[in-house]
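For reference, the structure is listed below as structure tokens.
One-based numbering, in listed order, for ligands and for the atoms of each.
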Amino acid sequence: MATQRTLSIIKPDGIKKNVTGKIIAMFEEKGLRVVAAKRVQLTKAEAEGFYAVHRQRPFFGELVTFMVSGPVMLMVLEGEDAIAKNREIMGATDPAKAAAGTIRKLYASSIGENTVHGSDAPETAKFEIGWFFAENEIIS
Ligand code: ADP
Ligand code: MG
């Protein structure tokens, strides 16, 4: 399996719960490395563009409102099979269905406010990383 990069976001609920360090520790324990990070307040346009793939979904407005409700932590994670590994550490989208010990099982309160984002494929990872980071902000 090759070394990959993936975009991770600690969403506003995770920041409010003050579990940034605990979440990053879970990535590091599984061999992922934070190679870029910034804590920012997203604009509505940034959140809408980032989630453009979900524009037609009934929850799109709610999702954008939530993502701009407070600061988020944007990170690029790097490691062996990083995309799938991050998704495994995150757990299922709906915390009620997330496996024990996953981030969403531990910290998420609903399918909407589910604490973390993670890219789901190499093409989406490339788009999502590029949406928030310049190449010279990512240092392996
Ligand atoms: P994931 O984040 O696990 O990749 P999706 O890509 O399907 O999940 O959805 C993107 C985000 O949209 C989810 O993480 C969640 O915040 C929100 N979302 C997904 N499904 C719903 C839903 N049924 N109701 C409200 N929000 C949702
Ligand atoms: Mg997704």
Shortest protein heavy-atom distance from atom 16 (O) of ligand 1, along with the residue and atom involved =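 Here the closest protein heavy atom is Gly112 O, 2.9 Å.
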Does Leu63 have a heavy atom less than 4.0 Å from any atom of ligand 1?
->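 Within the 4.0 Å threshold, so yes.
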Of [options], which has the heavy atom at the shortest distance from [atom]?
| atom | options | value |
| --- | --- | --- |
| atom 1 (P) of ligand 1 | Val64, Asn114, Thr93, Asp94 | Thr93 |
| atom 2 (O) of ligand 1 | His117, Arg104, Met90 | Arg104 |
| atom 15 (C) of ligand 1 | Asp13, Ile9, Thr115, Ile111 | Ile111 |
| atom 25 (C) of ligand 1 | Phe66, Phe59, Tyr51 | Phe59 |

Check: Glu113 main-chain N/O paired with Lys11 side-chain donor or acceptor under 3.5 Å =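 Here the side-chain-to-backbone pair does not exist.
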Under 3.5 Å, is there a donor-acceptor pair between the side chain of Glu128 and the main chain of Ala125?
->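 Not a single qualifying donor-acceptor pair exists.
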Describe, in one word, how the ring planes of His117 and Tyr51 are oriented to each other, choosing from parallel (under 30°), tilted (30 to 60°) and perpendicular (over 60°).
-> perpendicular
Are any of the side-chain heavy atoms of Val72 and Val40 separated by less than 4.5 Å?
-> yes
Nitrogen or oxygen of Arg87 less than 3.5 angstrom from that of ligand 1 | yes
N or O contact, Lys11 vs ligand 1, cut-off under 3.5 Å | yes
Is the gap between the ring centers of Phe127 and Phe50 under 6.0 Å?
-> no
Should we say atom NZ of Lys38 is surrounded by more than 12 heavy atoms from elsewhere, each under 6.0 Å from it?
-> yes
Are there more than 12 heavy atoms of other residues, nucleotides or ligands under 6.0 Å from atom NZ of Lys17?
-> yes
Backbone, side chain, both or neither: what part of His54 comes under 4.0 angstrom of ligand 1, heavy atoms only?
->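 For His54, the contact with ligand 1 is made by the side chain alone.
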